[in-house]
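Take a look at the structure set out below.
Below, read A as the first sequence line, B as the second, and so on, with proteins coming before strands; counting in each chain starts at 1. Note that the structure is a prediction, hence the values are computed from the model and not measured.
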Amino acid sequence: MPELPEVETVARGVDKRIRGDRIVQAWFASRPQTFKNAPALQAKGLTGCTILGVHRTGKHIVFELGGETRKPGNDRVKRDRRKASPAHESDAQWIVHLGMTGRLLVTGAETPVAAHTHARLDLASGRELRFVDPRRFGRLEFRNLREGSQAFQAPGAEPLTIEAGAFAELFRGRRTPIKAALLNQSLLAGVGNIYADESLFRAGLRPQRQAGRLSAAELERLRLGLREILEQAIRLGGSSVSDYVDADGERGFFQLEHCVYQRTGEPCRRCQKAIRRVELAGRGTHYCPVCQR
DNA sequence: ACAGGCTCCTGCAGGC
DNA sequence: TGCCTGCAGGAGCCTG
């Protein structure tokens with residue numbers, strides 16, 4: 001299931017492959033829940049656009065697009081994906097959320113179309129960008145920034161760069177369990193079930209603890225633990241970047257050794273006590289009863 | 001404003 | 001072996 005590190009890896013892989021390419025035709029299935037605005041509108045908007053760059057914001061993949069008249073290699077192309085300035089220079093954006101099972105594939109035109117393919121973009125290079133999503137929790141949205149749409153912004157803060165004070169402020173006064181708060185995308189954008197559990201283990205905190213009652217020191221352990229685990233996962237994902245958007249691509253993430261996630265009953269890597277599982281915020285939640293207090 | 005529960009959807013694991 | 005049930009989860013929506 002794609003969370004911040006997986007989405008980052010996909011965005012980098014897609015960017016590397018199709019930056020500068022042009023969309024000559026777009027085909028969308030008619031599955032209404034997959035599209036935040038009408039598939040016909042998305043197909044029309046995307047056709048003729050040049051892909052200036054692809055980057056990640058929270059769990060969303062954002063395609064920065066230039067209008068039909070713009071040439072590839074134009075000097076207005078955004079070169080640094082990390083400096084996502086609010087003053088967007090692109091004419092339009094295509095925003096992809098992978099949900100649970102969404103995949104973006106760059107394929108040859110002759111590659112057989114997989115089941116559950118909901119969108120196909122024909123590129124000037126002869127390749128195709130395909131969106132495949134069996135469970136259909138993914139979402140696609142087109143925004144024309146020249147016709148009044150706002151540039152996409154994740155609702156929550158970026159966990160890789162948020163500073164100590166701002167991080168603590170997110171949780172102040174919240175009575176909800178810290179695990180639920182971590183999953184709340186309007187607070188932090190990009191944390192899902194795996195990295196919520198793993199970061200709480202790193203910080204030595206019980207997932208049930210009330211978010212607003214954590215001390216400054218505990219919150220700082222959590223902020224740093226979360227950042228470390230995300231950065232580590234991005235590095236591991238990075239080892240398979242070149243394959244990830246291909247059919248067999250997810251190999252890189254198997255290298256990530258989970259400490260608690262889906263290890264119910266197995267010995268804690270730190271103290272050997274059996275990992276416990278509870279349900280919190282409707283999600284399976286895993287922790288070590290000794291190491292997490 | 002906040003918190004918690006329900007819903008969507010399909011593949012897969014587990015049980016008999 | 002094969003069928004059936006239930007579980008997994010991101011986020012939007014509804015209710016309290």
Protein-to-nucleotide contact annotation, 5' to 3' order, nucleotides 10-16 of chain C [B base; S sugar-phosphate only; - none; under 4.0 Å, heavy atom]: BB-----
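Evaluation of the salt bridge (Lys or Arg N to Asp or Glu O under 4.0 Å) rule for A/R120 yields A/E128 as partners, not counting sequence neighbours. The salt bridge (Lys or Arg N to Asp or Glu O under 4.0 Å) search around A/R209 returns A/E218, not counting sequence neighbours. Annotation: salt bridge (Lys or Arg N to Asp or Glu O under 4.0 Å) contacts of A/R269 (sequence neighbours excluded): A/E257. In this structure, A/T176 has no side-chain hydrogen bond (donor to acceptor under 3.5 Å, both in side chains) partners at least two apart in sequence or on a different chain. Applying the side-chain hydrogen bond (donor to acceptor under 3.5 Å, both in side chains) test to A/Q25 and every residue at least two apart in sequence or in another chain returns nothing. Partners of A/A124 by side-chain contact (heavy atoms from CB on, under 4.5 Å), not counting sequence neighbours, listed by chain and number: A/D21, A/R22, A/V24. With sequence neighbours excluded, the residues that form a side-chain hydrogen bond (donor to acceptor under 3.5 Å, both in side chains) with A/E266 are A/R263. Partners of A/R139 by salt bridge (Lys or Arg N to Asp or Glu O under 4.0 Å), not counting sequence neighbours: none found.
For A/Y261 and C/dG9, the OH to C1' distance is 8 Å, given to the nearest whole Å.
Looking at heavy-atom distances under 4.0 Å, A/G284 makes contact with sugar-phosphate atoms alone, never a base. Residue A/R277 is in sugar-phosphate contact alone, with no base atom involved, counting any heavy-atom pair closer than 4.0 Å across all strands shown.
Once you apply a 4.0 Å limit to the heavy atoms of chain A, the touched nucleotides of DNA chain B run 5' to 3' over B/dC2 to B/dG11.
Looking at which nucleotide of DNA chain B each of A/A281 and A/R135 is closest to, the 5′-most match is held by A/A281.
The aromatic rings of A/F152 and A/H60 lie tilted to each other, with the angle between the two planes from 30° to 60°.
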Acceptor/donor pairs from residues 272-285 of chain A side chains to any protein atom, 3.5 angstrom cut, sequence neighbours excluded:
from, atom 1, to, atom 2, distance (Å)
A/T285, OG1, A/K179, NZ, 2.9
A/T285, OG1, A/R283, O, 3.1

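End-to-end axis angle of the helix from B/dC2-C/dG16 to B/dC16-C/dG2, from C1' rotation axes over five pairs per end: 40° (rounded to 10 degrees).
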